[in-house]
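Accompanying notes for the structure given below.
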2 protein chains.
Amino acid sequence: MPDPMYKRVAEDLRGKIESAQIAPGSQLPTELELMEEYGEKFGDASGRASTISRNTVRDAIKLLVTRGLVVTRPGKGTFVVRKIDPFMSTLSGSPEVGRETVRYMSEVERYASEVEESGRKPDVTVPRVEVQRASSRVASHLGLAEGTMVISRYQQRSIDETPWSLQTTFYPMEFVTQGATRLLIAENITDGIIKYVEDILGVRQVGLHDLITARVADSHEIAFFDLPEEGQVAVFEVSRVGFDEHGQPLRLTVTVYPADRNYLAYDEGKVPPNVAALGVPALGLSDRSPR
Amino acid sequence: MPDPMYKRVAEDLRGKIESAQIAPGSQLPTELELMEEYGEKFGDASGRASTISRNTVRDAIKLLVTRGLVVTRPGKGTFVVRKIDPFMSTLSGSPEVGRETVRYMSEVERYASEVEESGRKPDVTVPRVEVQRASSRVASHLGLAEGTMVISRYQQRSIDETPWSLQTTFYPMEFVTQGATRLLIAENITDGIIKYVEDILGVRQVGLHDLITARVADSHEIAFFDLPEEGQVAVFEVSRVGFDEHGQPLRLTVTVYPADRNYLAYDEGKVPPNVAALGVPALGLSDRSPR
DNA sequence: GGGTATTTGTCCGTATGTATT
DNA sequence: AAATACATACGGACAAATACC
C-alpha cells in the first residue's frame, strides 16, 4: 500500500469521473455513502461493517476540488464539473496593422464576427469609462510617468449568455485634451476607437506588442466568470500595446480569458484558411511527456 | 467576524508574506507556534493560555499551499516560495517565414541567443528520438490518419541550471523514407531541422499556426520543473504547426512552459525594438478589475 | 412561514506514521 | 537514538445551507 487512503479514494473517484461513470454535472455519492463504499473497498480485511472516516473522505474530495474535477455545494452535495465548450480567439492578423488599404473593424466587431462565425451568440457590455492615475504597470507600457492621468474603458464579453472575457483599455489623457472627446463617452464607437483616434488626431496604429501571462483567477474574476472558489482555474492575461509610426505607444489593452473556456491562436506567414476549424482534440499525455 | 478561523489565519499569514514580513524562502513558524500565536490573536476574549487547534492551523496552511504561496516539507517546516525571475519568449518573427532571403536559425539557436541576450545561461538536452503512432491530436494537426507513424523529438530546456520548458516536435515518418534520415539521429542539427528538411526534400516552411492553452501541470511536469505537488502551478502549452507552400503541415511542435517563470510575446507590424526590455511590472488589481 | 431531515463546513481532540536533523 | 515537524487517520460536536413537507 504505497499511497495513503485519501489519495487512493481520490484516484478511484477520478477514474470514475474521467471514464464518465459519474457523468458531468451529476452528483457524487454523499460523504456518508462514500464512507461506507470505501470502507468495504479498502477496509481492513477483517470483515464487514467497516467504514472509513468522514474526514478521510473529505480529504479525498478536497483533492478533487483543487484539481478542478468537482465542486461542493453546502446542503446539496458534490458535483462533477461540466466542461465548457471552448472558444478560440485568433489574436494575430489584426486588420489595422501591416496594410496600406485598410478595412477598419473595431475589436468589438472583430470579436463579434469571429464568435458568430462559429455559430454562437456574442455579447459585449457598454464600456465603463473612468479617468484614473496610471499604475506603474500602465505607465510603463504607455511610456508615461506613473500617476499620469489616463482613460480606462472596461468591458465584459459573453458567449451564449456565459461570461467569457474581461477587457480594459487605457489611453493617454492627452488624446482627450487634443480633441478626441468621444473617448470619455460610455458607449461603443462603431468603427473602432483606433480609427476614431486616427481620424481626429492623425495618430495611426502600425504595430502591436502582445504579452501573455497565466495566473490563477482573483476574487473579482471568480465572481464574474462563476469559477469554483477553490478550483484554481487559470486565466490568460494578454497585454496588448499599440504603437504609432514613431514607435510611440498609443493604447494598452488588458484582456483576461479564463483558460477553461478559451484558447488563443496566432498565425504568421502563409497559413491555410481552415486551420482554426480543426478545433482542439483531447490532449494525450504521451504527446508531451515521454516516460 | 464573518470569516471562519482558518481563513482569518490564512489571510493574516498571506498579508505577512506579501508584505515581505516573512521573506521569500524563509520558514514560517511551526504549526505548534502558530497554534499559540493565533490562539492569543484570535482566541476567545476570556483570557490567557488559549490556543487554536492544530488542524485549524493546518487548514490555513493548506489554503496557502493551494494558492502557491508556501510549500511544506515534512520534518523541516513550511517555507515561503521564492518567486522565479521570469523569462519572456518572443514567439513571433520566426526567421524562417515571411522572408525571401533567409538567415536560417534553428529553434534551439534562437532560444539560446534570446536567453543569452538577457545575460542568462541557456541549456538544451540532446533530443530523445522515438518513432510512434500518431495520437488523434498529433494526427489531426499534421493532417494524417490516426495511428500513422511519426517521428517525435523531445528536449528539455533550462536557464541558469533551472528547468524551464519541455518541447516535443513531431514529423511525418514519410520524411525519413524520402531521405531525411538525420531526423532519426539523437543529436541537435546545427542549422535547424526546418532548413535540413528544405535542403533534402525541398519542403519549405512558409507559415505557422500557434495554438495556446493553459492548464495545470501534470505529474511528469511537476517532477521535471520541481513544482509544488499541490501548488497547482499553471503551464502554457503552445502547439505550433508549420506549413509548406501548399498548405500542407510539415511539423507539430508542442512546448510546455510553467507560467510561474515564463511569459510569451508576439509582435505584429512595426514595433519599437526595445519593447521586450520593459519587462513585466507587478500587476495592479485595479488594472483589470474595477469594483 | 415554520420545522425537520439531509448534506457539507468548521473546529476540536487524539494517536500514530514518516521525514529530517 | 532522540527530538522536531509535518502527514495521515480517526473520532465527535455543532453550524450553515438547502430541500421538502
Side-chain angles (χ1 to χ4, degrees), chain A residues 1-13 22 26-46 49-66 69-81 228-231, chain B residues 1-13 22 26-46 49-66 69-81 228-231:
Chain A
M1 282 165 292
D3 269 6
M5 177 78 61
Y6 77 98
K7 283 187 183 171
R8 286 195 287 160
V9 172
E11 271 307 294
D12 193 82
L13 287 170
I22 310 179
S26 69
Q27 184 177 3
L28 261 64
T30 67
E31 293 174 349
L32 211 63
E33 289 165 338
L34 291 172
M35 288 167 67
E36 292 171 6
E37 178 177 340
Y38 287 101
E40 289 174 18
K41 193 154 187 173
F42 296 139
D44 43 44
S46 71
S50 71
T51 72
I52 61 175
S53 161
R54 179 172 167 230
N55 283 320
T56 303
V57 169
R58 285 177 60 75
D59 282 345
I61 290 176
K62 191 167 298 181
L63 211 53
L64 300 177
V65 169
T66 65
L69 293 176
V70 304
V71 292
T72 58
R73 284 199 250 284
K76 298 187 70 176
T78 304
F79 300 83
V80 180
V81 299
E229 181 79 43
E230 301 302 334
Chain B
M1 283 164 293
D3 269 5
M5 177 78 59
Y6 76 98
K7 283 187 183 172
R8 285 194 287 159
V9 173
E11 271 308 293
D12 193 82
L13 286 171
I22 309 180
S26 69
Q27 185 178 2
L28 259 66
T30 67
E31 293 174 348
L32 212 62
E33 289 166 338
L34 291 172
M35 289 167 67
E36 292 172 5
E37 178 177 339
Y38 287 101
E40 290 174 16
K41 193 153 187 174
F42 296 140
D44 43 45
S46 70
S50 70
T51 72
I52 60 174
S53 159
R54 175 163 173 241
N55 285 323
T56 302
V57 169
R58 286 178 59 75
D59 283 346
I61 290 175
K62 190 168 295 181
L63 211 53
L64 300 177
V65 169
T66 66
L69 293 177
V70 305
V71 291
T72 57
R73 285 196 228 292
K76 297 188 71 175
T78 303
F79 300 84
V80 180
V81 299
E229 182 77 45
E230 301 302 336

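Letters A, B, ... mirror the listed sequences (proteins, then strands); counts begin at 1. All values below come from the heavy atoms of this structure, side chains included, with hydrogens, waters and symmetry mates left out.
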Please lay out, stage by stage, how E11(A) and K7(A) fare under the test side-chain contact (heavy atoms from CB on, under 4.5 Å).
-> CA-CA 6 Å; E11(A) 271 307 294; K7(A) 283 187 183 171; 5.6 Å; no

Nearest-Å distance, [atom1] ([X]) to [atom2] ([N])?
{"X": "Y38(B)", "N": "dC11(C)", "atom1": "OH", "atom2": "C1'", "value": "18 Å"}
{"X": "F79(B)", "N": "dA19(C)", "atom1": "CZ", "atom2": "C1'", "value": "12 Å"}
{"X": "M35(B)", "N": "dC6(D)", "atom1": "CE", "atom2": "P", "value": "12 Å"}

Contact summary for I61(B) and V70(B), nearest pair of heavy atoms = O-CG2, 4.2 Å

Within the distance-only criterion (no hydrogens, no angle test), does the side chain of [X] pair as donor or acceptor with the backbone N or O of [Y] below 3.5 angstrom?
{"X": "E36(A)", "Y": "E33(A)", "value": "no"}
{"X": "Q27(A)", "Y": "K76(A)", "value": "yes"}
{"X": "S50(B)", "Y": "G39(B)", "value": "yes"}

Is any side-chain heavy atom of Y38(A) less than 4.5 Å from a side-chain heavy atom of V57(A)?
-> no

Determine whether L69(B) and V80(B) make a side-chain contact, defined as any pair of heavy atoms from C-beta on separated by less than 4.5 Å.
-> no

Using Watson-Crick or G-U wobble geometry with both distances below 3.5 Å, tell me the partner of dG11(D), or none.
-> dC12(C)

Between protein and nucleic acid, restricted to nucleotides 7-10 of chain C and to nitrogen or oxygen atoms under 3.5 Å apart, what atom pairs and distances do you find?
from    : atom 1 : to     : atom 2 : distance (Å)
dT7(C)  : O2     : G75(A) : N      : 3.3
dT8(C)  : OP2    : E31(A) : N      : 3.0
dG9(C)  : OP1    : T72(A) : OG1    : 2.7
dG9(C)  : OP2    : R58(A) : NH1    : 2.9
dG9(C)  : OP2    : R58(A) : NH2    : 3.4
dG9(C)  : N7     : R54(A) : NH2    : 2.8
dG9(C)  : O6     : R54(A) : NH1    : 3.1
dT10(C) : OP1    : Y6(B)  : OH     : 3.0
dT10(C) : OP2    : Y6(B)  : OH     : 2.8

For Y6(B) and L63(B), run side-chain contact (heavy atoms from CB on, under 4.5 Å): C-alpha distance rounded to whole Å, both residues' side-chain angles, the deciding distance at 0.1 Å, then the answer.
-> CA-CA 9 Å; Y6(B) 76 98; L63(B) 211 53; 4.2 Å; yes

Scan nucleotides 3-5 of chain C against the protein and return all N/O pairs shorter than 3.5 Å with their distances rounded to 0.1 Å.
none

